[in-house]
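Presented below is the structure to which this report refers.
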There are 2 protein chains.
Amino acid sequence: MASIHDVARVSGVSISTVSYALSGKRPVSEATRARIAKAAKELGYQPNARGRMLAGRRTQLLALTAPLHAETSAPAHMAFVLAVVTAARRYDYDVILLTEEEATGGLSRVTSSKLADGIVVLDVAIDDHRVDLIRDLDIPAVLIGVPGNTAGLVCVDLDFEAAARLAVDQLADNGHTSLALLGEPHAVYERGSNYPRRFRDALLTHAAARSVDCIFVESSKNPVDVRAAIDTALAAEPRPTGLVMQCAEPSQVTTLEHLAARGVRIPAELSVISAASTFDTSRFTPPLDVIPLVPAETSDRAIDLLMTTFSKRHEPVVELLAPRYFANGSVGPPPARSIPRPHTN
Amino acid sequence: MASIHDVARVSGVSISTVSYALSGKRPVSEATRARIAKAAKELGYQPNARGRMLAGRRTQLLALTAPLHAETSAPAHMAFVLAVVTAARRYDYDVILLTEEEATGGLSRVTSSKLADGIVVLDVAIDDHRVDLIRDLDIPAVLIGVPGNTAGLVCVDLDFEAAARLAVDQLADNGHTSLALLGEPHAVYERGSNYPRRFRDALLTHAAARSVDCIFVESSKNPVDVRAAIDTALAAEPRPTGLVMQCAEPSQVTTLEHLAARGVRIPAELSVISAASTFDTSRFTPPLDVIPLVPAETSDRAIDLLMTTFSKRHEPVVELLAPRYFANGSVGPPPARSIPRPHTN
DNA sequence: CTGAAAGCGCTTACAG
DNA sequence: CTGAAAGCGCTTACAG
């Protein structure tokens, strides 16, 4: 394997000139540059990362801490991991994946050994051990997600509160006065990442602010429970004419099938919005309006901020990306006249 | 940040003695060792990975090439990525995740820059560009999966042919003479990893060898199509009394629900086996017999082989792990007397 | 525009 | 049992 010395010898210059010619950090005469380029190409020279890491101040390596809980949705998780790696590559960074249960161990290790230049934290919980560690560690870090206490941190996430308001407004502006939210399975709110909670709370709050009734039901990995939840929601009084789903793809598919089976027409009888989804709701039956989760944009922005941190100390900031609404025809006005059902109770 | 020089100074020895004391690669007197350990602890010394990489012959870094296609099942994919990282950590290795579409670019990069000590290839297709590259690259590598041409390679995988035979035997031995296989969606056989093909082909071949009829149908992301496929399968002549499912979890759940809706009792009227599954079929309704995919065992073995390769050149080998069968009560004898249906056609 | 040299923080023969 | 020193392959002040 050719080294920088080989390239220097073949092109008749010093190794420093080779280094500068290849990095462009110092002007090099065109003739010299050409000879060096030719030699490097002939020899198939690739700078050795080990030498570069030690001499330079960068390893060009990021650590991504992305633990998988039982409650984690694998597709969404994968989408973010993929997006982070792709975003890092734009800056010529590679990504070390930290998955261990005792996630803080991995963080300490790659930090104290100076393996990574920076850290990306995925799937942030409200009360996250990794976040406390990050604050202590003297290493640039960015969180994708928002923990309970953001002091001293750089965070990027979708604005889930705004997304919830957007969903409510969309339905309220269409004239709906009673909604249902099909949320994540119960365990997610207990132990999972915190955005489902932020979304749910904001949605209920904003519905109340707009004088819209809203019933909240939880989904499940079990389709039977999903259908029961939907039945519960639709039995609410006054009967919901709008449904917001913020849950995994299988639960949304089950719901649509169940609604079809019950003969509930979308949007004639029920308007439906899919929220915080990473999957393609435009190919559902029927296609659904969606406020998508945006792994690529979120990760790009997170990595941009992290790279900024490398040059100049970045002040703590929580950047929330504005949600966007994509209409696919699943939202309309509520049924002209809802037939009042007999009062029980 | 304390360096090895600091530790040497504080403990009154040379840096080489510190290095040897900490690595254990040379005997060090107990007294000296104790002083060094004390100093290292006081100073919070952690060896610098950059220096270690350059001086030693190892980076303690593995590259994992795990591209995500549209056809990839995210949960299974995640399970393997997680298992590989966990397996690598047993040897104090960290894992760099390579996900790029042009996966060969990443492989060349980490190899020629000497960033990684070895490579793990996931999700191997029959005709995989990465495999050709691996053969050319002068770096230890192990594949999880089996490509069409295994010459010169070290591969580890579940023995899918044996798994298929096991499923057939289990049903045939119970007296079934007509089976159905619900496989992956069509695109998986066209472009995805190759084990579904190996499983399907072996199952059909072995069924024929045992004089068992077998109809093959494909699943889908769309539940409607899954139900149609099951209907097609059960309409086959002679009517199947055994069903093998080798497809994603949602399709298996849909199938069980559809069978329940059709009033098909398991195993009284239909025996069912779930194959190559990474999810827990014992909590399905009803619980299913399963021949699981084993990410942990497969990855552990793959990493063991890779580590062996580091010390002494390992001869090419294809290691297939024996499948195991877990009974959960979903397989029994076929219905005592199948009511012959009127001959159409 | 270019070079000689120091140095990044370790590991590991070579000596004693 | 321990130390002085070379060297891993680069980058980057320092000089000219």
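Numbers restart at 1 for each chain; the letters A, B, ... are given by sequence-line order, proteins then strands. Keep in mind it's a predicted model, so treat the numbers as computed, not measured.
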Q: Output all residues satisfying side-chain hydrogen bond (donor to acceptor under 3.5 Å, both in side chains) with B/Asp6, sequence neighbours left out; order by chain, then residue number.
A: B/Arg9
**Q.** Near-strand residues of residues 43-61 of chain A, defined as heavy-atom separation under 4.0 angstrom from DNA chain C
**A.** A/Leu54, A/Ala55
Could you tell me whether the side chain of [X] and the main chain of [Y] form a donor-acceptor pair under 3.5 Å?
{"X": "A/Asp123", "Y": "A/Leu68", "result": "no"}
{"X": "B/Arg109", "Y": "B/Leu115", "result": "no"}
{"X": "A/Arg89", "Y": "B/Thr99", "result": "no"}

My understanding is that only residues two or more places apart in sequence, or in another chain, count here; which of them pass salt bridge (Lys or Arg N to Asp or Glu O under 4.0 Å) with [X]?
{"X": "A/Arg191", "answer": "A/Glu71"}
{"X": "A/Asp138", "answer": "none"}
{"X": "A/Lys38", "answer": "A/Glu42"}

**Q.** Paired stretches of DNA chain D - 3 or more consecutive Watson-Crick or G-U pairs, each distance under 3.5 Å
**A.** C:1-3 with D:14-16, C:5-12 with D:5-12, C:14-16 with D:1-3
In chain order, what residues pass the side chain to side chain contact (heavy atoms under 4.5 Å, CB included) check against [X], with sequence neighbours excluded?
{"X": "B/Arg50", "result": "A/Met53, A/Leu54, A/Thr59, A/Lys114, A/Asp117, B/Asn48"}
{"X": "A/Ile15", "result": "A/Ile4, A/His5, A/Ala8"}
{"X": "B/Ser112", "result": "A/Gln46"}

Q: Shoot me the first and last contacting nucleotide of DNA chain D against chain B, ordered 5' to 3', at under 4.0 angstrom to non-hydrogen atoms.
A: D/dC1 to D/dG9
Q. Can you pull the side chain to side chain donor-acceptor pair (under 3.5 Å) pairs that have at least one residue in residues 139-160 of chain A, sequence neighbours excluded?
A. A/Asp157-A/Arg198
Q.
Please confirm whether the ring centroid of B/Phe310 lies under 6.0 Å from the ring centroid of B/Tyr93.
A. yes
Q: Tell me which residues in residues 9-31 of chain A put a heavy atom below 4.0 Å from DNA chain D, sorted by number, or none.
A: A/Ile15, A/Ser16, A/Ser19, A/Tyr20, A/Lys25, A/Arg26
